[in-house]
Every structure is written in C-alpha cells, then in structure tokens.
Asks: 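Please find one structure pasted underneath; my questions will follow.
For the single chain, residues carry numbers from 1 onward in sequence order.
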Amino acid sequence: MKERRLIFLKINRSQLKIKFNETLKAVFPILAIVLMLCFTIAPIPPGILMLFLIGAVLLTVGMLLFNVGVEMSMTTMGERVGTIMTKSKKLWVIILISFVMGFIITISEPDLQVLAQQVSSIPNMVLIVAVAAGVGAFLVIALLRMLFGIALSHLLVVFYLIVFGLTFLIPGDFLAVAFDSGGVTTGPMTVPFIMSFGIGIAAIRSDKHAADDSFGLVSLCSVGPILAVLILAMIYHPGQSEQVSESIAVVENTVDLWALFTHGFPEYIKEMAVSLLPIVVFFGIFQLISRDITKKALIKIGVGLVYTYVGLVLFLTGVNVGFMPAGNFLGQTIAGLSYAWIIIPIGMVIGYFIVLAEPAVFVLTRQVEEMTSGAISARAMGLSLSIGVSMSVGLAMIRVLTGISILWFVIPGYAIALILTFFVPKIFTAIAFDSGGVASGPMTATFLLPFAMGACEALGGNIITDAFGIVAMVAMTPLITIQVMGMVFKLKENSRRRVVSGKEGQVPLEAFGDMEIIEL
C-alpha cells in the first residue's frame, strides 16, 4: 500500500510539473510584453506596476490549481451527467435537466455579473435571468442536435441570421454590448462542464460521427445570450445613457496596494463560493438520484472542486485587481502618443499571447487533442487561436481609433465563418465555433477591455460604442482561422489518401497522427 501511495504521489508531481510549465509558458510572454512597454514607450506608475506583478503571480498559481482541479472534478462531473442522462432515454427528462443545468451554470458565471453592471437601463436580475434562460434553451437545442443528428452548420446559419436581423431593430449604441454578452457568459465555469457534458453524451454513441458531435455545445450556447440581450434591448430601449464600470484607482503607496488586495480577496472568495455552490448542489442531487459514482470517485471530485475554487479565487483576484489597472493605463498612454496608430500592432502582439492564458483554453485544446487521438494537436489549436485573437484585437484597435460601427466587422466576419462551415470537415466547424466562446474569457474582460477603454478615453471616443465589442471581436476571428486550418487539413487528407490508397476511399482521422498541417 505504501509503495502504491508513493507511486500515485510521484505521478501527481509529474503532472503538476507539466501543468506548471504550461502555465508559465502562457503567462510569461504577457509579463514580458507589459514590462517592455512600461520601460520604453508606455510608462505607468510604480504602484500599478507592482499590482500587475503581484497579479501575475496570483494568476500563475491560480491557473495551475484551476487546471488540476478541472481535470479532477468539472470534467468528470460533466461527462457523468451527460452519459447517465442520455442513458435514461426519456426525452422530457433530458430536455428538463439540460435546461436547468444550463440555467444554473450560467448564473454561476462571474463574468455575467460584470455584464449586468454595464447595462444600467436593464435591471440586473432581469438581464441575468434572461441570459441564463437563453443559455439553458440553447443547451437543450444543442443536445437535441446531437441526439437527432442535425447538422451544426444549418443551425448556426439560421440562428445568426435571426441575430443579425434583430440588430436592425435595436439602438446602434447597444450593439457592442449585446455581442459581447455571447463571449462573457461562456467562461471558466461554463466551458469545462458543458464541453465534458457533450463528451459524455457522445461516449454512449457508437456511430462514426460521435466524435464530431461531441463539440458544438459551447458554440450554440454562445448564441443564446446574444439573442436574449437583443430582445431585452427591444423592450427597454437602452442607449447613450449606459454607464461603464467605475474608474480604476491609482495606487500611491504600499498601503493602498495592500488595501486593494485585502478588499479583492474576500470579494472573490464569496463570489466563487456563490458561483460553485449551484453546480455542486445540482451534481449532488443528480448523484443521489442516479447513485452511479463510487465513493473514491466522489472524493476525487471533492478534492478537485477545492483546487478549482482556490484556483479561480487566486486567478480572478490577480486579473481583476492586478491586470485591469495595467491594461487601462497602457491603453491610455499608448493612445496618447503622437503616433497612436502603434496601438494596432501592439494590440495584435498582446492578443496573440494573451489567449493562451485563458483558463478555458487549456480545457478546450486538451479535449480536442484527446477526442481526435492527436490528429488535431493542442499546439495547432493554440496557434490558430493566437492568430485569430491577434487579428481580433488589431481590428478592435482600429475601431477605437476610427469609431467604425462593429457591424462593419461582425457581419462580414460571421458571413465568412458561416460560409466556411459548408466546406470544412464537421469536427472543425464545431471546434471553431466552440473556440470563439472559449477565447473570450476573463483575460479579455480584465485586460483587453480595460486596454481598449483606456485608449478610447485618451482619444476622446465613446467607450460604449468604440471600446465595447472587443470581446465579440475576440469571439469571432477564431471561427475563421480554425476553419481555415480545417480546409488545409482536408486538402492534405485528400492528397495523403491518394498516395496511401491510390483510389478514392475513407481514411480514418487517426491515421494521420500529429498532422503536418498544423505545423505550417
């Protein structure tokens, strides 16, 4: 028994070391870029720099614990619920549980509270309930799609046509906030559970399209909040009166710095407890009814939830207290330069690296690699997401500089993405639209959005119309880059098939191993 425990401990340490190295690789480039800017063209106060450095340490430790915890708890919980629920074969039970689960998990999402505070003309609880109901409804639609084999591309085309049709019926000043809602509600709480839920449902299917259909739930769940907010905008008619979050305090001494963290920690300790509680209660009730999980597995899930909780508290404290002031000051300083255009390439470089620090991105890339047996590698996914987000932030900075309406970007962007769905393998479409919601997480909301707001303020622009919308932009471009990767894969697959078989035939995805496509 002692030897077995030592071996188990050794394996855990080895996995922890791998995850720690991955976390450092994700965080270090952002740290290096910000420090380089601080000591060259964009000086910021020493107090804000100290906030950022402490925030980076908290972010690193938080991401590490979160990644370990999610693998032990949220992933297992989602897969179990999906598998057991589908085995019941009672459609009304599946629909009811899916809606309740989507509703509860969305209310648990911390970023939804932030979104509600930005829309003063709509009561907070009304907005939160409407968005949660939207996610619940679209999770049901996503599940029914998997059960009945409906093509994801067809549903996406229909729902996005409805979305863009509604944009002409609401105030133009509100469009950016509406599109942002789709990204902020698919964050670190929602994504791991929903993605694992899809994998659990696909696990009981034996057909050849099961792996393809295991993705796509997050993509449909991202549409629900946009539709819900657009409908609320038609009812409440929000406009220029919308308020942005309060200004970020300047840190003048170490006492001020300590006060910010002592205020932040209790706030996020409480917030994450409230966020995790509904999920724990839901899973607890589900387990009491099904009694399908062993005591040993429950203990592992419990330990994983503790890791997840502590990790998210540290992560959110680090990014909200430490990263927001740095992002805001950098945006103001760079936009205030005589050559303000430089904010575009700088934003693109920051966007390229910052997406890799999103907690949910680790979950997505790992699950994609596992479900495709390594044919779509985590490295390939990371590269495609980085390129997409880099383009997003560059376009968002153009909007900040020029004040161009977000519709000039999202309508052509989504049109290209939806057209590509008819030409790429189904699994790439599902992964691409999932990745849009995954990429626009806490790092976007707490660093890139303040960065855009600071730049907009320095340029004298309208923060609501020009700065907001960056989350929507970050959620859009990965849809294109990952599907382009899918087209390249398809071309290489066809070429390899001709070489291997000399005739038309079906070659399994796994046959290509760690594909060259993705290294290009």
Side-chain angles (χ1 to χ4, degrees), residues 19 23 27 51 54-78 101-118 124-125 128-129 131-132 135 183-197 225 245 260-285 300-324 357-363 437-438 440-447 449:
K19 291 184 181 297
T23 304
V27 176
L51 275 179
I54 295 173
V57 173
L58 294 176
L59 180 148
T60 303
V61 178
M63 278 185 67
L64 176 62
L65 293 175
F66 173 82
N67 290 327
V68 173
V70 162
E71 193 169 316
M72 294 173 64
S73 61
M74 301 290 280
T75 300
T76 305
M77 290 163 64
M101 187 176 69
F103 187 90
I104 289 174
I105 293 173
T106 305
I107 287 181
S108 302
E109 191 62 58
D111 289 344
L112 180 56
Q113 310 293 330
V114 177
L115 173 70
Q117 293 170 9
Q118 309 304 328
N124 283 14
M125 189 51 62
I128 290 170
V129 170
V131 168
V135 173
V184 300
T185 50
T186 49
M189 296 296 294
T190 310
V191 170
F193 198 93
I194 289 181
M195 288 194 66
S196 302
F197 179 67
S245 57
L260 286 174
F261 282 103
T262 54
H263 175 75
F265 272 115
E267 179 181 342
Y268 294 110
I269 287 172
K270 179 182 176 182
E271 185 176 297
M272 293 317 305
V274 172
S275 296
L276 270 176
L277 183 61
I279 297 176
V280 173
V281 171
F282 172 83
F283 183 74
I285 295 172
K300 183 180 179 182
I301 289 172
V303 173
L305 285 172
V306 173
Y307 279 131
T308 303
Y309 173 70
V310 175
L312 281 174
V313 169
L314 294 175
F315 178 88
L316 291 174
T317 303
V319 295
N320 282 286
V321 178
F323 274 52
M324 285 184 72
E358 290 285 3
V361 167
F362 278 87
V363 179
V438 171
S440 51
M443 290 298 293
T444 301
T446 58
F447 189 86
L449 181 56

Asks: Looking at every non-hydrogen atom in both residues, tell me the closest pair between Val70 and Thr308 and how far apart they are.
Replies: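 Heavy atoms only, the tightest pair is N-OG1, 3.4 Å.
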Asks: Please report the closest heavy-atom contact between Val313 and Tyr268, naming both atoms and the distance.
Replies: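 Shortest heavy-atom contact: CG2-O, 3.7 Å.
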Asks: Please tell me if the side chains of Thr317 and Phe261 come closer than 4.5 Å, counting only heavy atoms from C-beta onward.
Replies: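 Yes. Closest side-chain heavy atoms under 4.5 Å.
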Asks: Is there a side-chain contact between Leu65 and Phe315 in this structure, where contact means two heavy atoms from C-beta onward sitting under 4.5 Å apart?
Replies: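 Side-chain contact under 4.5 Å: no.
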Asks: Can you tell me how far CD of Glu271 sits from CD of Glu267, rounded to the nearest 0.5 angstrom?
Replies: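 With rounding to 0.5 Å, CD (Glu267) is 6.0 Å from CD (Glu271).
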Asks: Determine the minimum heavy-atom distance between Lys300 and Met72, stating which atoms define it.
Replies: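 The answer is O-CE, 3.7 Å.
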Asks: Please examine the side chains of Leu305 and Met77, heavy atoms only from C-beta on, and report whether any two atoms are closer than 4.5 Å.
Replies: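 Yes; the side chains approach each other to less than 4.5 Å.
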Asks: Show the nearest heavy-atom pair for residues Val321 and Gly264, with the distance to one decimal.
Replies: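 Minimum heavy-atom separation between Val321 and Gly264: CG2-CA, 4.2 Å.
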Asks: Please give me the minimum heavy-atom distance between Gly102 and Thr106, naming the atom from each residue.
Replies: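 Heavy atoms only, the tightest pair is O-OG1, 2.7 Å.
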Asks: Side chains of Thr23 and Phe66: closer than 4.5 Å at any heavy-atom pair?
Replies: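 No, side chains not in contact.
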Asks: Please report the shortest heavy-atom distance between Leu314 and Gly62, naming the atom on each side.
Replies: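 So the minimum-distance heavy-atom pair works out to CB-CA, 3.9 Å.
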Asks: A side-chain contact here means heavy atoms from C-beta on lying under 4.5 Å apart; do Tyr309 and Ile269 qualify?
Replies: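 They are in side-chain contact.
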